[in-house]
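Just so we're on the same page: letters track the sequence lines, and every chain starts at 1.
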There are 2 protein chains.
Amino acid sequence: MISPTAEYALRAIVALAQRQGSPVVTPDLAKATRISAPYLSKILQTLGRAGLVVSQRGTGGGFRLARAPESMSVLEVVNTVDPVRRIHACPLGIESHGTRLCPLHRRLDDMAEQIELTFSETTIAELLSEDGPSKALCASKKKPVTLVTGRPGNPRKAK
Amino acid sequence: MISPTAEYALRAIVALAQRQGSPVVTPDLAKATRISAPYLSKILQTLGRAGLVVSQRGTGGGFRLARAPESMSVLEVVNTVDPVRRIHACPLGIESHGTRLCPLHRRLDDMAEQIELTFSETTIAELLSEDGPSKALCASKKKPVTLVTGRPGNPRKAK
DNA sequence: GGGGTTCCGGATACACTTATCCAGAACAGT
DNA sequence: ACTGTTCTGGATAAGTGTATCCGGAACCCC
């Protein structure tokens, strides 16, 4: 439905949102999101160029959200790394009829529109931990994986 | 949203449904759907193994739908070539909590569920030509591409 | 049963996405 | 300015999905 890369980007954005503006260094973010550090780094670069995150080099640097989580939609994040594809014209070679789509492609595009709408209506803030039991990014309660919150002796369990 | 292959499979199934059980040979189906013949052939093989289409070799052979278009759902076709991926457990390494998903993955799975539901409720018959202007597979009215219906002097316009 | 037709399935090539690596530039603190 | 830190961006590798090719098997008709 969405590409792994888009899902990674959302994980990273959510993890950054949890930090409330404090810069997070790539390896830490990689541990929190369970994404490989080099690849995450590429995704963060893309998000940075799009203006969704801000990077800061040197000691005490890292990445932070460029805006408040309440004002950032899921759609913005997804579209930055892997845009939702709408069907505007008939995918068959036949260009003749304008915006009219056949039933098949009409329905597929309706779905894409629905997804786009849902993404645009959901803010990052809503993904944080709204309803108790399941915390953002699936962080467990029983196993305090520390989730990078503060890392006094990180178990270094990342397989 | 769905892979090219899944969309190809739907095109092929719809094109077969238009033929009302008459066997269609792969090159003809390729022209109708604008899918490359060798690749379409692979997809048809898969659909055949899944029992959605029936193949017949030799002269007068080809492919035809195994069942009535009214009794075949879009979901069956899609799942045959490229199953809808539901999120059953937290994609992060943390297995600790059962079926509880964090808000992010809960929402993504809700979408997948919605898509699955819509696909399961839509039959191939509904994709044929329900509402006049836009005929199945985006076949234009102005340009009678013949769409393989009967082909007296096929323009052979496939780029 | 011979010949033309059509699907079958393995092998292969190509493209795009995902993932990795590393030298270099920017930055903070001293 | 020097040093350690951290991001940057290009080059590259690995993996998956898409597309092609071809010999062989099944089938129909004569």
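The interatomic distance linking B:Phe63 (CZ) with C:dT5 (P) rounds to 18 Å, in whole Å. Between the CD atom of A:Glu7 and the P atom of C:dT17 there is a distance of 18 Å, rounded to whole Å. Residue A:Gln45 contributes atom CD, which lies 6 Å from atom P of D:dG9 at whole-angstrom precision. The nearest whole Å value for the distance from the CD1 atom in B:Ile43 to the C1' atom in C:dG9 is 16 Å. Taking atom NZ on B:Lys42 and atom P on C:dG10, their separation rounds to 8 Å, with Å as the unit. In this entry the distance linking OH of B:Tyr8 with P of D:dG17 reads 15 Å, nearest Å. If you take OH of A:Tyr39 and P of D:dT16, they are 14 Å apart, rounded to a whole angstrom. One atom, CG of B:Leu40, and another, P of C:dC8, lie 12 Å apart when rounded to the nearest Å.
Annotation: side chain of B:Val53 is not in contact with side chain of B:Arg64 (no heavy-atom distance under 4.5 Å).
Listed nucleotides: D:dT8, C:dT17, C:dC8. Nearest to the side chain of A:Arg85: C:dT17. Across D:dT18, D:dG24, C:dC27, the shortest atom-to-atom separation from the side chain of B:Thr5 is found for D:dT18.
Across all strands, B:Gly62 comes closer than 4.0 Å only to sugar-phosphate atoms, never to a base (heavy-atom distances). Using a 4.0 Å heavy-atom criterion, one finds that B:Ser41 contacts no nucleic acid atom at all.
With A:Asp82 contributing its side chain and A:Ala6 its backbone, the two residues share no donor-acceptor pair below 3.5 Å. A donor-acceptor contact shorter than 3.5 Å links the side chain of A:Arg11 to the backbone of A:Thr33. Side-chain atoms of B:Thr122 come within 3.5 Å of backbone atoms of B:Thr118 as a donor-acceptor pair (strictly under, hydrogens ignored).
The side chain of B:Thr59 places no N or O atom within less than 4.0 Å of a non-bridging phosphate oxygen (OP1 or OP2) of C:dT6. Regarding contacts with the backbone of D:dT6, every side-chain N or O of A:Thr26 stays at 4.0 angstrom or more from both OP1 and OP2. OP1 or OP2 of D:dT8 sits under 4.0 Å from a side-chain N or O of A:Ser55. Put simply, B:Ser36 has no side-chain N or O that comes within less than 4.0 Å of OP1 or OP2 on D:dT18. Within the structure, a side-chain polar atom (N or O) of A:Gln56 is placed less than 4.0 Å from OP1 or OP2 of C:dA28.
Look at B:Glu113 and B:Arg107 and you find no salt bridge, because none of the NZ, NE, NH1 or NH2 atoms lies under 4.0 Å from a carboxylate O. Remark: B:Glu76 engages B:Arg67 in a salt bridge, criterion side-chain N to carboxylate O under 4.0 Å.
Mapping A:Arg49 and A:Gly60 onto DNA chain D by nearest heavy atom places A:Gly60 at the nucleotide closer to the 5' end. When the nearest nucleotides of DNA chain C are assigned to A:Gly58 and A:Ile35 by heavy-atom distance, the more 5′-ward of the two goes with A:Ile35.
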Dot-bracket encoding per residue of DNA chain C, Watson-Crick/G-U cut-off under 3.5 Å, | denoting interstrand
||||||||||||||||||||||||||||||

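With no hydrogens or angles considered, a side-chain donor-acceptor pair links B:Thr5 and B:Tyr39 at under 3.5 Å.
Screening A:Ile13, A:Leu128, A:Leu65 for a side-chain contact (heavy atoms from CB on, under 4.5 Å) with A:Gln18, the sole residue that qualifies is A:Leu128.
The base of D:dA25 is paired with the side chain of B:Arg57 by a donor and an acceptor separated by under 3.5 Å.
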